[in-house]
Amino acid sequence: MGHVEIPETDISGPVGLRGAPRPRTAASRNRTAALEQLWRAPTAQRDPAERVPARRKPVHRASVGALTDLLALAGPAWLLLHLGEQPRPWLAAAVAGLLWTGLRGVRGRYADPVRAEPGGAFGALGDWLVLLGVLAVLHAAAGGSVDPATAVVAVAPGLLVATAVEGLRAGRRGRAVRKVLLVGEAAGLDRAAELLNSRTDHAYRLVAAIPVGPGLPGFENLQVPGRLASSPADDDVTTVLGGAYAHDADLVLVAPGPQLTGERLRRLGWGLHDAGVALCVASELSGITAGRVRPVTAAGLTLLHIAPPLRGGPQGVLKAALDRGGALFGLLVLAPLLLAVALCVRFSSRGPVFHRQVRQGQHNRPFTMWKFRTMVADAEARKAQLSEDNEVDGPLFKMRQDPRVTPVGRTLRRTSIDELPQLFNVLLGQMSLVGPRPPLPEEASRYDEREGRRLAVKPGLTGLWQVSGRSDLSWQETVSLDLWYVDNWSVATDMGLLARTVRAVTDGRGAY
């Protein structure tokens, strides 16, 4: 094709009545030049003899998952409706299968397992209940003749298969490890490496780092296979790819900074994706679940909308109902155990059966918390004498071998049975089944603004830090876990923490 000369005209604004373009201004020419520069493809300099690995073939997990759900629900549904002599079983089964697959797709059940937050059994059950509601509406609107009870039984196999698949995916996600190559300036590398190495409940394992600029990462054991210059260079892509291939990394995690932003990061992403290496960009945000983040684009910018923490609404109402109902159920079921423990406490040492203590609840409101007494009667008077033996930092007071604890009390503390009378506090609405532990007034008076945020929700009988190490955690680790819960709680999270509490109580670590 021949070269076509385009006159210098501004086509970005409206044309005149006759359609004649207006003359271009200097600002317009500058904008056009910038866009032309932006649209140029990156040209990384590579050695012609260098062997570039083939692009990895994508795994179509979404298609496989959708097809599995479709067949698992539609197949058994058709068979059961056919055996039950229901009218047009193939049509009913097809509609139910398509609705089931579409519903789970909309709710993100087929998303990339690295980015998605799986719903697990509770997620599959929630999807299935929504499906029943949609089918009931369609049945009423269309005047269908399918027996409702038979329809529920017919779509039940879909729930069972989806629950099993979610369990298998969760197991694979727990065993899978993403080998990560860090790229960024020294400060960003240190922050990302410190956060990733401080926790083990994720699938990211650091294998190497490539600094940008003259600084070096502070982690001594982190391999450094290369370095990027302070300004964009033609070998940016080959340097990062070389580090990824040398350490078998399947993910490049970039910590943006003044020397690695905008166009440079965009070009690096092009090169990595063309080579089949995944790219992830670290954000300055922390302690926020993916469910609260919604990415959008505007004017070429990638924006992250952060949803506010839950403080009410339907989930708040459901949480309150589950708290009251769960507390009442627990008190009824555990009544024989509570009576036996009360007798043991009463006859094993002098003093009352229950220990009543003023604690600070939601919004720093005081309330009286109930526990089985685990210490001698004058424990509070002897606390000042033991202040120098405190084994934890921050405003808490903890001792592994506290001389004030009675023999029966030591067993109650290890099994957390001493906390069970707080079910009365939950029933009264002063506490929740799940939440941060309520502090003493003197502890709360020493809180700074960050620590005081623990009081934004109701205190709980159990919580995230109790299932993560209990008293073995430092004060700052405890605060960080509680703040994560305050900002990201949900009913599903509460259910998971209650299940993990059983394992934590059985294990007994950190309880003293």
Side-chain angles (χ1 to χ4, degrees), residues 30-62 111-116 178-186 188-189 192 196 203-204 206-213 215 217 223-285 290 293-304:
N30 290 338
R31 286 197 304 269
T32 303
L35 287 174
E36 291 175 350
Q37 179 67 24
L38 183 65
W39 289 334
R40 289 179 188 149
T43 55
Q45 300 297 324
R46 292 184 175 88
D47 184 353
E50 180 182 359
R51 179 178 177 270
V52 180
R55 184 184 303 182
R56 301 172 186 176
K57 296 181 179 180
V59 180
H60 301 288
R61 295 186 180 91
D112 182 353
V114 174
R115 294 178 296 151
R178 301 296 299 269
K179 296 182 179 179
V180 177
L181 173 68
L182 269 177
V183 178
E185 299 174 40
L189 294 182
L196 289 176
Y204 299 93
L206 300 182
V207 295
I210 294 182
V212 179
Q223 298 293 323
V224 181
R227 177 188 300 276
L228 299 185
S230 299
S231 57
D234 290 336
D235 62 349
D236 283 353
V237 174
T238 53
T239 300
V240 175
L241 284 177
Y245 296 150
H247 294 273
D248 196 26
D250 54 5
L251 176 67
V252 172
L253 175 60
V254 175
Q259 301 175 30
L260 191 58
T261 57
E263 182 65 11
R264 191 180 191 186
L265 178 57
R266 189 168 184 240
R267 291 172 179 270
L268 179 61
W270 286 341
L272 293 175
H273 290 154
D274 288 346
V277 179
L279 171 65
C280 184
V281 179
S283 168
E284 289 297 322
L285 298 172
V293 181
R294 180 172 59 90
V296 297
T297 57
L301 299 173
T302 299
L303 310 177
L304 300 179

Backbone of Glu185 reached by a side-chain donor or acceptor of Gln259 within 3.5 Å: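 The answer is no, because no donor-acceptor pair under 3.5 Å joins these two groups.
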
Arg294 side chain vs Leu304 backbone, donor-acceptor pair below 3.5 Å: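 Answer holds: no.
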
Measure the [atom1]-[atom2] distance between [X] and [Y] for me, rounded to the nearest 0.5 Å.
X      : Y      : atom1 : atom2 : result
Arg267 : Asp234 : CZ    : CG    : 9.0 Å
Leu228 : Asp235 : CG    : CG    : 7.5 Å
His273 : Leu268 : NE2   : CG    : 9.0 Å

Nearest heavy-atom pair of [X] and [Y]: which atoms, and what distance?
X      : Y      : answer
Leu182 : Ala192 : CD2-CB, 3.9 Å
Pro258 : Thr261 : O-OG1, 4.1 Å
Pro256 : Ala282 : CD-O, 3.3 Å
His247 : Lys179 : O-CD, 4.2 Å
Pro211 : Val224 : CD-CG1, 3.5 Å
Pro225 : Ala209 : CD-O, 3.3 Å

4.5 Å side-chain heavy-atom contact, [X] and [Y]:
X      : Y      : answer
Val237 : Trp270 : no
Leu251 : Tyr204 : yes
Leu272 : Leu241 : yes

With Leu260 via side-chain contact (heavy atoms from CB on, under 4.5 Å) - residues at least two apart: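 Leu260 satisfies side-chain contact (heavy atoms from CB on, under 4.5 Å) with Val183, Val212, Val254, Arg264 only.
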
Residues in side-chain contact (heavy atoms from CB on, under 4.5 Å) contact with Ala246, at least two apart in sequence or another chain: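 By the side-chain contact (heavy atoms from CB on, under 4.5 Å) rule, Ala246 matches no residue at all.
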
Chi angles and distances behind the side-chain contact (heavy atoms from CB on, under 4.5 Å) call for Asp250, Arg178: CA-CA 6 Å; Asp250 54 5; Arg178 301 296 299 269; 3.5 Å; yes

Candidate pair Val240 and Leu181, rule side-chain contact (heavy atoms from CB on, under 4.5 Å), full reasoning: CA-CA 8 Å; Val240 175; Leu181 173 68; 4.1 Å; yes

